[in-house]
Amino acid sequence: MRLYEYQSKMILAEYGIPIPRGRVTSTASEAKQISDDLGGRVVVKSQVLTSGRGKVGGILVAKNSRKAQELVTQMLSMEIKGYPVRRVLVDEVVKIVDAWYLAMTIDRKLRSPVMLASGLAGNSHDSQKIEEESIKVPINPLLGLRDYQIRDVAASIGLPGNYWKQFMKVAYGLWRAFLRMDATLIEIKPLVITSDHRLLALDALMIVDDNASFRHPE
């Protein structure tokens, strides 16, 4: 079962992974209020269970709350690859200094969970290419994710040393969420450093086992 972006990010936040400030809504008037609360300039993201939103106008930046209201009105009348847009996520706009791909999944050949990480800027590459070029760290289910593995990943993707402490928190949060949610895949694409020195999960995808007990957060 694939979750919406806003659901995935809410779950990550519960496990200590920083996400942008923002809220989901199904009305243009509420989107205007959210935009005002965030300072006016926001990114408006359609919530549909498919990829490629940005290529068809499903992810747009609004320079002020009035424009945010207009964009949400427009998006709520859209269909993307056959999926009607019923909700939008209104997030703060952040200035990106650098970006990475970070994921947790199951490697069927190794029969174990693995962490994938890449120095590629996730938004500019398709998922298959990212996975092919990512480093892969097998995780022993009995021992769990270890500190040295996280440090190796941070070094391998060229993450600046002053962000390693934050990255440790993100990696452990990802691992805990993966276990607790019975997930088969969690992607953070991208994980970014912002101009105000934050490490944020800017976008996320989560697929959980169809048999897992899960209530969609509203």
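Hydrogens, waters and symmetry mates play no part in the numbers below; they use all other heavy atoms, side chains included. On a predicted model such as this, the values are computed, not experimentally measured, just so you know.
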Review point. Per the side chain to side chain donor-acceptor pair (under 3.5 Å) rule, which among K189, R53, K9 passes with D203?
Key: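 The passing option is R53.
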Got a salt bridge between [X] and [Y], using NZ or NE/NH1/NH2 to carboxylate O under 4.0 Å?
X: K32; Y: D36; result: yes
X: D91; Y: R21; result: no
X: E79; Y: R86; result: no

Student check: side-chain heavy atoms of [X] and [Y] closer than 4.5 Å:
X: V137; Y: D152; value: no
X: V170; Y: L199; value: yes
X: L191; Y: F167; value: yes
X: M104; Y: V114; value: no
X: L12; Y: P18; value: no
X: Q47; Y: E5; value: yes

Exercise for review: Report, as yes or no, whether the 6.0 Å neighbourhood of atom CZ on R198 holds more than 12 heavy atoms from other residues, nucleotides or ligands.
Suggested key: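 Count over threshold, so yes.
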Review point. How about R176: does its CZ atom have over 12 heavy atoms from other parts shown lying under 6.0 Å from it?
Key: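 Enclosed.
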How far apart are the closest heavy atoms of [X] and [Y], and which atoms are they?
X: A31; Y: V72; result: CB-CG2, 3.4 Å
X: W164; Y: L159; result: NE1-O, 2.8 Å
X: H197; Y: Q166; result: O-NE2, 3.6 Å
X: Y6; Y: L89; result: CB-CD1, 4.2 Å
X: V24; Y: I34; result: O-CD1, 4.4 Å
X: S46; Y: V88; result: CA-CG1, 4.2 Å

Would the distance check show the side chain of [X] and the main-chain N or O of [Y] forming a donor-acceptor pair, the cut-off being under 3.5 Å?
X: K67; Y: V61; result: no
X: W100; Y: A117; result: no
X: Q149; Y: R146; result: yes
X: T105; Y: T184; result: yes
X: Q7; Y: M206; result: no

Exercise for review: Drop me the distance from E92's CD to D37's CG, to the nearest 0.5 angstrom.
Suggested key: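 Those atoms lie 12.5 Å apart.
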Review point. Hey, are D147 and Y172 close enough side-chain-wise for a donor-acceptor pair under 3.5 Å?
Key: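 Their side chains do contain a donor-acceptor pair, which is all the 3.5 Å distance test asks for.
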